[in-house]
Amino acid sequence: MKSVILMLLLVSLANSGVFKASYFRKAMKNIPISKLQKQLGGFSNSKHLKNMASKINLKRITPLDKVTRLAKDIANKSPFSNKMMGIKNPMDAMRLYSKGGDKFFKSANIITTKALRVDSKLITKVGKKFPSLPNIPKLSQEQMLNKFAGVMKATGSFGFKITKGLAQIAIKNPKSAVAGLMFGWFLSDPVGFKEQLDKFGGNIEAFAHEIGSLVSHVVVGGTSGFIDGVVTSASKFMTTRNIIILLLALLLVWLLWQFKSFIIHAIQNRQTSNSQRERKINNNKTKKRKGRF
């Protein structure tokens, strides 16, 4: 077992966060064939890997060849999949994919990216209300993905729920840093995060709403769904009276715009009428002068 771990460590150093089939194959050589076959059986039953596995004829190739081929196919799915398959233990990444498929990897990509961008000032501010919030460390993407895989292995279905839930919050609130902060908290202290979440009845949206209310530049919506944006100080002045005045002003502008042609035409007619009246008066004066001489 120690030799397998050592080999996986050497492979991870050689991979440097990028999947390479040759390094993966070297690592798998130290795993007993019976264990590989058992793992392949689990992958073959996965709805996300079933079609991929069925295209590989196990009778013509060894279990090692097959698992390497599956790993390569997963890595080729997307740039993020490639990086996931390049972690220290790529078998953990394969298990995650077998359970969640492309959709889960997409969620993982969104929320891990958000977690990488969490500002330390935000952590300090939220930590005043939640003292149990750990000092979330700054990680590289490679470190983040290795941490993510390890926590997911330890937390199981709960980890899947948190990852997908926070990814949805991040999608609905692209300018919000709340989802990234919460995911960083989850990865740093899964137990402490769950304890706080339980205080909100396990409702991750309600928990996010509470954290969002502490951050001046971000406010997320209620538990029925999240809204992107900021509740600014201007909202304090949006009383019923002010709203009515604003609507009346807008109505007046609309009416002026609608009747602009009528108003312009009326002004032009009035100017024409005045001009004709002035010419008539001038003509009468001229006729009177001609009568005198």
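Treat the numbers as computed from the prediction; the structure is a model and nothing was measured. Count residues from 1 along the sequence.
The CD1 atom of Ile204 lies 15.0 Å from the NE2 atom of His209; values are rounded to the nearest 0.5 Å. In this structure, Lys50 NZ and Lys47 NZ are separated by 11.5 Å, a value rounded to the nearest 0.5 Å. Residue Lys114 holds its NZ atom at 10.5 Å from CD1 of Ile171, rounded to the nearest 0.5 Å. One finds the CZ atom of Phe105 at 13.5 Å from the CD1 atom of Ile110 (value rounded to the nearest 0.5 Å). Here Leu187 contributes atom CG and Asn146 contributes atom CG; the two are 11.5 Å apart, rounded to the nearest 0.5 Å. Rounding to the nearest 0.5 Å places OG of Ser78 at 11.0 Å from NZ of Lys106.
Phe193 and Trp185 have perpendicular rings, their planes meeting at more than 60° on a 0 to 90° scale where under 30° would count as parallel. Ring geometry for His48 against Tyr97 counts as perpendicular: the plane angle is over 60°, on a 0 to 90° scale with 30° as the lower cut.
For the pair Thr124 (side chain) and Ser120 (backbone), a donor-acceptor distance under 3.5 Å is present. Under the 3.5 Å distance criterion, the side-chain polar atoms of Gln143 are matched with a main-chain donor or acceptor of Ser140. Panel note: side chain Ser213, backbone Glu210; a donor-acceptor pair is recorded below 3.5 Å. Remark: the backbone N or O of Met91 is paired with a side-chain donor or acceptor of Asn89 at under 3.5 angstrom. Proximity of a side-chain donor or acceptor of Asp189 to a complementary backbone N or O of Pro134 within less than 3.5 Å is not detected. One N or O on the side chain of Ser46 and one on the backbone of Ser98 form a donor-acceptor pair closer than 3.5 Å.
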Item checked: Full working for side-chain contact (heavy atoms from CB on, under 4.5 Å) between Asp92 and Arg95 -> CA-CA 5 Å; Asp92 287 345; Arg95 291 188 191 96; 2.7 Å; yes
Next item on the list: Please step through side-chain contact (heavy atoms from CB on, under 4.5 Å) for the pair Lys83 and Gln141, ending with a clear verdict.
Entry: CA-CA 9 Å; Lys83 291 173 183 175; Gln141 187 182 39; 3.0 Å; yes
Notebook entry, point to check: Should Thr112 and Phe80 be marked as a side-chain contact (heavy atoms from CB on, under 4.5 Å) after you check the CA-CA gap, both sets of side-chain angles, and the distance that decides it?
Noted result: CA-CA 11 Å; Thr112 53; Phe80 178 78; 4.0 Å; yes
Next item on the list: I would like to know whether Asn82 and Ile74 meet side-chain contact (heavy atoms from CB on, under 4.5 Å); could you show each step before the answer?
Entry: CA-CA 7 Å; Asn82 189 285; Ile74 295 172; over 6 Å; no
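By the 4.5 Å heavy-atom criterion applied to side chains, Thr163 and Phe148 are counted as neighbours. Taking the side chain as every heavy atom from C-beta outward, Lys66 and Ser44 approach each other to under 4.5 Å.
When all heavy atoms of Phe104 and Met152 are compared, the pair lying nearest together is CZ-CE, 3.6 Å. The two residues Met85 and Met94 make their nearest non-hydrogen contact at CE-CG, 3.3 Å. The two atoms that bring Ala149 and Ile87 nearest to each other are CB-CD1, 3.5 Å, heavy atoms only. Ala179 approaches Ser176 most closely through the heavy-atom pair N-OG, 4.4 Å. Contact record, Met144 with Ala115: CE-CB, 3.6 Å, taken as the closest heavy-atom pair. The minimum heavy-atom distance linking Met28 with Leu64 is given by the pair CB-CD1, 3.2 Å.
Exactly one residue among Asp119, Val215, Ile136 makes a side chain to side chain contact (heavy atoms under 4.5 Å, CB included) with Leu181. That residue is Ile136.
Between the side chains of Ser132 and Gln196, at least one donor N or O lies within less than 3.5 Å of an accepting N or O. Between Asp65 and Thr62, the side chains place a donor N or O and an acceptor N or O closer than 3.5 Å (distance only, hydrogens not considered).
Ion pairing between a basic and an acidic side chain is recognised when a charged N comes within 4.0 Å of a carboxylate O; Lys77 and Asp73 show no such pairing.
Between Phe207 and Phe130, the ring centre distance stays below 6.0 Å.
A 6.0 Å sphere centred on NZ of Lys138 holds more than 12 heavy atoms belonging to other residues, nucleotides or ligands.
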